[in-house]
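Note that the structure is predicted; figures quoted are calculated from it, not measured. The first residue in the sequence is number 1, and the count goes up from there.
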Amino acid sequence: MITVLAGGVGAARFLTGLAQLIKQENLTVIVNTGDDIDLFGLHISPDIDIVTYTLAGIVNDEKGWGIKGDTFNCLNMLKSFGEVVWFNLGDQDFATSILRTFMLKNGAALSQVSAKVSCDLGLKLKILPMTDDKVATYVQIPDEGFVHFEEYLVKRAAKDPVFNVKFVGAEGARPAVGVIDAILTSERVIICPSNPIVSIGAILSIPGVRDALRSTGAKKVAVSPIVAGAPIKGPADKLLNGLGVEVSAFGVAKLYADFLDGFIIDSMDVAERGRIEALGVKVVVGNTLMKDLASKVALAKMTLDL
Ligand code: GDP
């Protein structure tokens with residue numbers, strides 16, 4: 001059994017490669033839900049949906065989120081009603097969120113919703129939210145104070161510097177059923193090349209997860225989302241900076257060092273090898289840029305071989 005800690009787009013791209021190498025039945029993905037947000041009366045789980053749509057082969061590849069060929073009639077109608085619309089959700093994507101909201105209102109847990117959606121889309125792996133409880137990631141920015149991470153990322157296009165990050169509700173949250181068990185019983189736990197603060201950091205903020213990673217007998221391997229001193233995409237640099245963490249593979253390794261066995265860094269970052277190994281983490285250097293299926297599979301293979 002392999003367990004993977006995942007955010008959204010970076011994770012989904014990595015998982016596309018991994019799913020070519022191991023049977024879905026042997027794979028559990030624990031997904032960040034700190035980005036979840038209630039809009040238009042609906043509960044939206046961006047990262048769970050990105051991972052699910054990608055593995056089901058229906059994601060909009062260009063954007064990395066949403067469904068291929070989806071239309072935006074519902075959103076346009078909301079706009080014509082004068083609603084302020086800054087979060088993009090296609091019509092089919094709306095359906096997923098309607099189902100989720102409806103099931104939650106009828107007493108289902110988020111993990112039951114994600115199990116149903118992934119099963120109905122033909123997937124055989126387990127996609128678990130990090131928690132079934134309500135946790136929301138907020139970032140502190142100039143003038144506004146704390147804003148929801150999606151508001152920062154989408155509405156404000158991640159332009160502001162970040163001073164601080166908080167995971168509201170995390171302290172009292174419990175890992176979703178199956179999360180701790182998956183970490184403790186897997187032979188390998190892979191930490192995706194995802195945002196180390198708001199994706200992986202959010203998962204690690206759930207009480208019990210970090211302890212499970214420290215105590216499990218599984219090999220724990222991560223891929224650096226920072227290449228040549230910058231993220232491939234997204235605001236990881238602003239978040240790392242804001243928390244006083246060096247924007248480098250080394251900076252990310254330091255965040256995971258207390259539980260990590262192995263770290264895959266890009267060939268461009270080979271100079272950081274010594275510093276990372278001094279943290280007690282084995283380093284493998286290779287190509288970590290996931291440009292096509294072959295490079296995704298090759299990267300996934302590195303995480304299985306390390
Ligand atoms: P988000 O929630 O959609 O932002 O996605 P994630 O948290 O899963 O991933 C965002 C991170 O993925 C960013 O920090 C990127 O640098 C990283 N990332 C995206 N594509 C690649 C890639 O091809 N290689 C590596 N090494 N990292 C990547």
Side-chain angles (χ1 to χ4, degrees), residues 5-11 30-39 43-48 50-51 65 86-87 110 129-176 179 191-214 222-227 229-260:
L5 269 47
V9 179
I30 299 168
V31 186
N32 166 44
T33 56
D35 294 11
D36 283 23
I37 187 163
D38 289 319
L39 289 171
H43 185 88
I44 302 167
S45 297
D47 284 355
I48 289 186
I50 288 169
V51 167
W65 54 265
W86 52 266
F87 194 85
L110 200 55
M130 63 188 195
T131 177
D132 281 327
D133 298 324
K134 206 172 161 71
V135 173
T137 302
Y138 278 76
V139 295
Q140 190 183 23
I141 57 172
D143 304 326
E144 300 294 324
F146 279 96
V147 297
H148 190 284
F149 180 68
E150 286 298 330
E151 190 177 335
Y152 167 74
L153 183 72
V154 182
K155 187 175 177 187
R156 307 179 67 90
K159 286 202 179 109
D160 319 76
V162 173
F163 300 145
N164 206 352
V165 178
K166 63 179 179 186
F167 304 112
V168 177
E171 231 169 87
R174 290 148 304 166
V179 165
I191 295 94
C192 282
S194 283
N195 189 309
I197 306 293
V198 292
S199 293
I200 304 303
I203 300 174
L204 297 175
S205 78
I206 304 302
V209 171
R210 200 166 199 126
D211 286 344
L213 285 164
R214 287 191 189 128
V223 179
S224 178
I226 302 294
V227 174
I232 303 295
K233 127 183 192 307
D237 50 348
K238 291 202 170 78
L239 293 153
L240 288 165
N241 256 326
L243 296 183
V245 180
E246 185 181 299
V247 184
S248 64
F250 171 74
V252 178
K254 243 174 117 179
L255 293 173
Y256 303 158
D258 59 312
F259 60 80
L260 203 62

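Here the shortest heavy-atom pairing between Ile226 and Ala236 reads CD1-CB, 4.2 Å. Closest of all the heavy-atom pairs between Pro225 and Pro193 is CB-C, 3.8 Å. Here the closest non-hydrogen pair linking Thr33 and Pro129 is CG2-CB, 3.6 Å. Across Ile50 and Gly8, no two heavy atoms sit closer than the pair CG2-C, 3.7 Å. Contact between Leu39 and Phe87 at its shortest, heavy atoms only, is CD1-CB, 3.4 Å. Of all the heavy atoms in Ala170 and Ser205, the pair that sits closest is CB-OG, 3.4 Å.
Between Asp36 atom CG and Thr131 atom OG1 the span is 10.0 Å, to the nearest 0.5 Å. Within the model, atoms NZ of Lys134 and CG of Leu110 stand 10.0 Å from one another, a figure rounded to the nearest 0.5 Å. Separation of atoms CD1 (Ile200) and CD1 (Ile191) is listed at 7.0 Å; rounding is to 0.5 Å. One finds the CG atom of Asp35 at 4.5 Å from the CG atom of Asp47 (value rounded to the nearest 0.5 Å). Distance check: Ile206 CD1 to Phe167 CZ gives 8.5 Å after rounding to the nearest 0.5 Å.
Side-chain atoms of Leu204 and Leu213, non-hydrogen and from C-beta on, do get closer than 4.5 Å to each other. Side-chain contact between Met130 and Val135 is present, with at least one heavy-atom pair separated by less than 4.5 Å. Within the 4.5 Å cutoff, the side chain of Phe149 has no heavy atoms near those of the Asn32 side chain.
For the side chain to side chain contact (heavy atoms under 4.5 Å, CB included) with Pro231, the lone residue among Leu239, Leu240, Asp237 that qualifies is Asp237.
Residue pairs meeting the side-chain hydrogen bond (donor to acceptor under 3.5 Å, both in side chains) criterion with at least one member in residues 241-259, sequence neighbours excluded, are Arg210-Asp258, Arg214-Asp258, Glu246-Ser248, Glu246-Arg275. Counting only residues at least two apart or on different chains, the side-chain hydrogen bond (donor to acceptor under 3.5 Å, both in side chains) pairs with a member in residues 137-156 are Arg156-Asp160.
Side chain of Asp133 to main chain of Arg174: a donor-acceptor pair is present (N/O by atom type, distance under 3.5 Å, no hydrogens or angles). Counting only distance, with no hydrogens or angles, the side chain of Ser194 and the backbone of Gly7 share a donor-acceptor pair below 3.5 Å.
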